[in-house]
Amino acid sequence: MQAAIAVYPGSFDPFTNGHLDIISRALPFFQRIIVGVVWNPNKQPLFSSAERVDMIQQVCQKFGERVEVLSFTGLLVDFVESQGARVVLRGLRAISDYEYEGQLALTNRHLRPAIETFFLMAREEVSYVSSSMVKQVAMFGGDVSGLVPAVVAERLRAQESKVVVSDKN
Ligand code: ADP
């Protein structure tokens with residue numbers, strides 16, 4: 001039996017080939033994946049949530065209707081419930097991800113025991129890719145192709161001068 005819907009939440013500021021890899025590899029196991037772009041009022045993202053949603057929609061167009069991209073604010077578990085889902089999808093790169101991801105998963109379990117977090121181990125080739133590194137490379141005019149989808153690379157180039165590395169996403 002296929003679990004119906006998984007929510008893949010994140011900042012996606014910007015969306016990278018690592019994020020794309022998680023979606024591609026998880027999709028065979030779910031009927032639908034909802035990419036949840038977090039709108040965090042305490043963070044100063046490089047791209048607005050509307051811009052992030054738009055870029056991810058373009059990248060995920062190839063998956064058809066099975067991948068939907070939405071932005072949300074507030075508690076992740078509330079968003080997951082509002083979408084009729086019970087699975088949260090997250091990616092794990094290095095051991096350093098484990099502490100934060102573990103805290104997040106356990107907190108969400110505390111809040112909604114019925115919701116489970118599924119982790120996919122990053123593919124080796126993209127396991128070093130992070131949004132913050134991508135922003136740093138772009139800030140200094142470096143080539144980000146191969147790290148992010150073409151649509152994202154274009155948008156990064158378009159606002160190179162605006163790139164400020166503000167957090168550790
Ligand atoms: P958040 O701010 O919620 O951590 P991110 O956009 O940084 O949002 O990441 C969203 C999810 O994608 C996280 O579970 C993160 O570990 C995972 N992720 C990020 N980069 C990669 C990658 N290169 N390979 C696999 N998973 C990744």
Side-chain angles (χ1 to χ4, degrees), residues 1-41 43 45 47-134 147-152 167-169:
M1 197 192 86
Q2 268 193 337
I5 307 169
V7 171
Y8 180 34
S11 309
F12 307 116
D13 186 42
F15 190 79
T16 70
N17 285 344
H19 296 133
L20 181 59
D21 176 58
I22 294 290
I23 295 172
S24 320
R25 284 171 45 227
L27 200 52
F29 299 94
F30 298 97
Q31 280 165 10
R32 282 173 60 214
I33 292 180
I34 296 169
V35 182
V37 177
V38 181
W39 183 75
N40 182 342
K43 276 195 183 178
F47 293 103
S48 70
S49 45
E51 287 174 313
R52 283 177 275 157
V53 167
D54 181 54
M55 278 184 270
I56 302 169
Q57 270 170 344
Q58 288 191 48
V59 175
C60 291
Q61 223 167 17
K62 62 181 176 187
F63 299 120
E65 286 177 358
R66 288 177 59 217
V67 176
E68 192 180 349
V69 189
L70 300 171
S71 70
F72 74 98
T73 187
L75 283 179
L76 171 61
V77 288
D78 287 339
F79 177 65
V80 171
E81 250 175 19
S82 75
Q83 297 303 311
R86 284 186 52 192
V87 172
V88 173
L89 185 62
R90 296 285 288 181
L92 280 178
R93 288 162 294 185
I95 307 248
S96 51
D97 275 346
Y98 181 85
E99 194 175 348
Y100 175 69
E101 293 294 336
Q103 275 185 351
L104 184 67
L106 292 179
T107 305
N108 287 333
R109 182 185 295 163
H110 170 80
L111 294 170
R112 292 290 192 293
I115 293 176
E116 286 290 357
T117 304
F118 284 30
F119 294 103
L120 277 191
M121 192 55 97
R123 193 159 50 87
E124 303 86 293
E125 295 88 331
V126 288
S127 65
Y128 64 93
V129 178
S130 69
S131 298
S132 63
M133 280 297 168
V134 164
L147 303 177
V148 296
V151 171
V152 177
D167 57 50
K168 60 170 200 61
N169 291 320

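These numbers come from the heavy atoms of this one structure, side chains and all, not from hydrogens, waters or symmetry mates. These numbers were taken from a predicted model, which means no experiment stands behind them.
Listed by chain and residue number, nothing satisfies the side-chain hydrogen bond (donor to acceptor under 3.5 Å, both in side chains) test with Glu116 (two or more places apart in sequence, or in another chain). By the side chain to side chain contact (heavy atoms under 4.5 Å, CB included) test, Ile56 is found to be paired with Phe12, Phe15, Val35, Val37, Cys60, Val69, residues two or more places apart in sequence or in another chain being considered. Scanning for side-chain hydrogen bond (donor to acceptor under 3.5 Å, both in side chains) contacts around Asp97 gives Arg93, with sequence neighbours left out. With sequence neighbours left out, Thr117 forms a side chain to side chain contact (heavy atoms under 4.5 Å, CB included) with Val88, Arg90, Ala105, Phe119. With sequence neighbours left out, Ser24 forms a side chain to side chain contact (heavy atoms under 4.5 Å, CB included) with Leu20, Phe63. Partners of Gln58 under the side-chain hydrogen bond (donor to acceptor under 3.5 Å, both in side chains) rule, at least two apart in sequence or in another chain, are Asp54. Looking at residues two or more places apart in sequence or on another chain, you find a side chain to side chain contact (heavy atoms under 4.5 Å, CB included) between Ala26 and Phe30, Ile33, Leu89, Leu120.
Scanning all heavy atoms of the two residues, the minimum distance from Ser48 to Glu51 falls at N-OE1, 2.8 Å. Taking both residues in full, the closest heavy atoms of Val148 and Asn17 are given as C-OD1, 3.3 Å, listed atom of the first, atom of the second, then distance. Looking at every heavy atom in both residues, Gly84 comes nearest to Ile5 through O-CD1, 3.9 Å.
In this structure, the side chain of Thr16 does not engage the main chain of Ser130 through any donor-acceptor pair within 3.5 Å. Within the 3.5 Å criterion, the main-chain N or O of Phe47 finds a donor-acceptor partner in the side chain of Arg52.
Of the inter-residue distances, the one linking Glu101 atom CD with Leu92 atom CG reads 5.5 Å to the nearest 0.5 angstrom. Distance OG/Ser131 to CG/Leu147: 10.5 Å, rounded to 0.5 Å. Once rounded to the nearest 0.5 Å, the distance linking CG of Asn108 with CG of Leu76 reads 5.0 Å. Separating the CG atom in Asp13 from the CE atom in Met55 is a distance of 7.5 Å, to the nearest 0.5 Å. In this structure, CZ in Arg66 is found 12.5 Å from CD1 in Ile34, a value given to the nearest 0.5 Å.
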Next on the checklist: Run Met133 and Tyr128 through side chain to side chain contact (heavy atoms under 4.5 Å, CB included) and show every step you take.
Outcome noted: CA-CA 9 Å; Met133 280 297 168; Tyr128 64 93; over 6 Å; no
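Within the structure, ring pair (Phe, Tyr, Trp, His ring centres under 6.0 Å) contacts touching residues 66-93 (residues at least two apart or in different chains) are Phe72-Phe79. Listed by first then second residue, pairs satisfying salt bridge (charged side-chain N to carboxylate O under 4.0 Å, His left out) with a partner in residues 15-27 read Asp21-Arg25, Asp21-Arg123, not counting sequence neighbours. Evaluation of the side-chain hydrogen bond (donor to acceptor under 3.5 Å, both in side chains) test over residues 79-89, restricted to residues two or more places apart or in two chains, returns Glu81-Arg112.
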